[in-house]
Amino acid sequence: MATNEYEGGLKMIEELTTNAEQIQDEVLREILSRNAGTEYLRGFLHGQTDKQLFKKNVPIVTYEDLKPYIDRIVNGETSDILLAEPITGFFLSSGTSGGQPKLMPVTAQVAKKWELFRGLYESPVIKYLVDINQAGKRMELMFARPEVETPSGLMATSVTTSIFKGSGFRASLPKLYTSPSETIFCPDPNQSLYCQLLFGLIQREEVVMIGSFFASTVLRAIKFLENHWQELRYDIKTGRLSHQITGSRCRNAASLVMKPNPEQADLIENICNCKSWDGIIRKLWPKARYIAGICTGVMRQYTAELEFYSGGLPLVSSLYVSSEAFCGINIEPLCKPSDVSYTFLPNMAYFEFLPVKNERDESIEMKSNDEDTELVDLVNVKPGRCYELVVTNSTGLYRYKVGDVLMVSGFHNNAPQFQFVERKSVVLSVDMEKTSETDLFKAVTEAKALLNPLGFILTELLDLKYTSYADTSSVPGEHCKELDPKIMVECCFKIEESLHYTYKIYRKRNIIAALEIKVVKQGSFEALMDYCVSKGTSLSQYKKPSCIKSEEALNILDSRVTGKYFSPKSPL
């Protein structure tokens, strides 16, 4: 991005956020004027486009409410069931954060909107972190997901794959990125990762950024590198790609750039063959300025370990997007991951917010009767309050509950800034109590502090990767490996002690049994990721679930258990 482009992006951010209310009204007016005559909206608006009528008559919906309409389009009916503009395909959500994958209609306008959004979210990063005059490449780890043909003949694909297939992105690959398209579209994610790391190491002196869409993917890459650096070093030394890489397109791409480089191979060996990998990213890629990847939400659990490997490079979480809409950008990219707020861009969709109330100590729970709760417009949200995001977009979603709970952290001009709190749907419940993703993260973080003096924060044995499930087959629970049994039992109790009051009452009455921690073998969470990827999840979009409901996924972890520990007493 040239200087005038990023400066133009910063200027546009100021204009958009200053005129947020007017732009939001224009966005809704345009959506309704185009789509008021569709089968879905006709039943509520009778062809009219009035904003107040829209707010009064159009219901708040979930995917299950719209699924019958979307399924009709998927099966070949015309798109004017939901929207006037022709549908060009579908976005396929990952399904790892809140349940089953969902199909979202896509039009030709979406690609244009993404290009605009990308220019806006990259502008603050360039302002603070990139030297415009310094040539360099991004070692961005990218993984395309196979497209799925629907009965209508239209293709369904992930948001990231759609981006990778765009003509603008493909044209920029050779100049801006270390990974050629052949590696991104490799159907085997492990072969793809191997080759992308190889190309990143070959071009290590040119790399100015390391990243992926999610922070977990970057960490997965470093773990993979720990296990395969000797093979990669040998490939660089000999100039020949490992025979384990069988994809012909990857091999052809490698043959174009690989040549024997024993000096580079020896340098990589000296860096990697050390006792501690503290700061390994900066050592391997000395010109890197930052690490990019979403670090908020469920991804925050990976930041401590990434900071260990980063060598002081800032972790930059630039954007907040979903399959339903491109929403917000981080205009302060140098802030700590825990302080990241996303400034909503009012031109991306029409945003409304369903108030969320606090029903217990520091815990978040949705109001039970949405119909009795009036949605709040973007510019009218209140600082410090929590809301569930509701989106109306140009691709057939009207007053759609995204399922993300956000907290207003402030305003930039007249546009609110939000911190991601949790997924509304990620809730553990053994009986009538509800333990949210936020409850769980807070409790695990406090328990993990007991292990920090032992150094486990820097290892894979019990890094802050946790997954939970509610065992309702008998009266309650959860389990773990031989560290120090006494400390592990203390961890169990600390987690229970840190949970909300309702949980403690149920636990005291023995409605919920003692919490159990299970310690699993090194690599178990990578095995869980491999399982999800084998089921169709894109590695670029994988989010480790905080709550497991799949028996197959649960068996993967259970089969790797090395130790089990119970809470010794009730927290009340």
Side-chain angles (χ1 to χ4, degrees), residues 6 9-10 13 17 94 96-97 114 117-130 138-142 159-160 163 208-222 281-282 288-323 325-345 348 389 402 404-410 412 415-423 437-438 441 445 463-465 538-544 546:
Y6 97 80
L10 294 173
I13 291 169
T17 55
S94 67
T96 54
S97 62
W114 166 254
F117 183 76
R118 185 175 69 172
L120 294 174
Y121 83 70
E122 286 185 344
S123 295
V125 176
I126 291 170
K127 175 184 177 182
Y128 288 105
L129 289 165
V130 176
R138 306 175 184 181
M139 195 186 94
E140 192 157 352
L141 303 164
M142 300 169 279
V159 175
T160 50
I163 293 168
V208 294
M209 179 273 265
I210 291 109
S212 192
F213 197 76
F214 287 123
S216 59
T217 311
V218 182
L219 189 57
R220 165 66 179 256
I222 299 303
I281 293 176
R282 190 164 224 161
R289 303 289 297 272
Y290 64 101
I291 297 170
I294 294 174
C295 298
T296 51
V298 72
M299 293 296 135
R300 57 191 166 176
Q301 64 190 281
Y302 300 104
T303 57
E305 201 165 0
L306 264 181
E307 286 170 347
F308 169 69
Y309 290 120
S310 71
L313 292 174
L315 306 182
V316 177
S317 190
S318 298
L319 68 160
Y320 168 55
V321 301
S322 66
S323 300
F326 309 128
C327 302
I329 63 174
N330 179 7
I331 61 174
E332 298 291 342
L334 287 175
C335 69
K336 295 178 181 178
S338 58
D339 296 331
V340 169
S341 291
Y342 299 107
T343 303
F344 266 46
L345 299 178
M348 290 293 143
L389 175 62
V402 173
D404 289 351
V405 177
L406 311 173
M407 185 186 75
V408 184
S409 55
H412 180 72
Q417 297 173 307
F418 293 91
Q419 289 188 332
F420 185 94
V421 177
E422 64 187 6
R423 287 287 297 171
E437 187 176 45
T438 301
F441 181 81
T445 300
D463 57 12
L464 194 45
K465 296 176 182 173
S538 167
L539 191 55
S540 292
Q541 289 186 264
Y542 174 78
K543 299 182 284 293
K544 182 187 62 59
S546 297

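Counting begins at 1 with the first residue of the sequence.
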So do the side chains of [X] and [Y] get within less than 4.5 Å of each other, counting heavy atoms only?
X    : Y    : result
F214 : T160 : no
F344 : L406 : yes
S318 : E122 : no
I329 : I13  : yes
P314 : L129 : yes

Value rounded to 0.5 Å, distance of [atom1] in [X] from [atom2] in [Y]:
X    : Y    : atom1 : atom2 : value
N330 : Y121 : CG    : OH    : 12.5 Å
T217 : E140 : OG1   : CD    : 10.5 Å
L219 : E305 : CG    : CD    : 4.5 Å
I291 : I281 : CD1   : CD1   : 3.5 Å
L319 : L120 : CG    : CG    : 11.5 Å
R138 : R289 : CZ    : CZ    : 13.5 Å

Checking the side chain of [X] only, and the main-chain atoms of [Y] only, is there a donor and an acceptor separated by less than 3.5 Å?
X    : Y    : result
S212 : L141 : yes
D404 : L389 : no
S123 : G119 : yes

(request) Using the side chain to side chain contact (heavy atoms under 4.5 Å, CB included) rule, take L315 and E307 through it: C-alpha gap first, then chi angles, then the decisive distance, then the call. (result) CA-CA 8 Å; L315 306 182; E307 286 170 347; 3.7 Å; yes
Over all heavy atoms of both residues, which pair between [X] and [Y] is shortest? Give the atoms and the distance, please.
X    : Y    : result
S310 : R282 : O-CB, 3.6 Å
S338 : Q419 : O-NE2, 3.9 Å
A288 : L313 : O-CD2, 3.2 Å
C295 : S317 : N-OG, 3.1 Å
P333 : P124 : CG-O, 3.6 Å

(request) Name all residues meeting the side-chain contact (heavy atoms from CB on, under 4.5 Å) criterion together with T343; count only those two or more places apart in sequence or in a different chain, and write none if there are none. (result)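 By the side-chain contact (heavy atoms from CB on, under 4.5 Å) rule, T343 matches T17, I331, H412, A415, Q417.
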(message) side chain to side chain contact (heavy atoms under 4.5 Å, CB included) for V218 and Y309? Distances and angles first, verdict last.
(response) CA-CA 10 Å; V218 182; Y309 290 120; over 6 Å; no
(message) The test is side chain to side chain contact (heavy atoms under 4.5 Å, CB included); show your working for S216 and M299 and say whether it passes.
(response) CA-CA 7 Å; S216 59; M299 293 296 135; 3.5 Å; yes
(message) Going by the rule side chain to side chain donor-acceptor pair (under 3.5 Å), which residues pair with T296 if we only count those two or more places apart in sequence or in a different chain?
(response)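 With neighbours one apart ignored, the set is Y342.
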(request) Hey, can you tell me if F117 and F326 have their rings parallel, tilted or perpendicular (30° and 60° cut-offs)? (result)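 Plane angle under 30°, so parallel.
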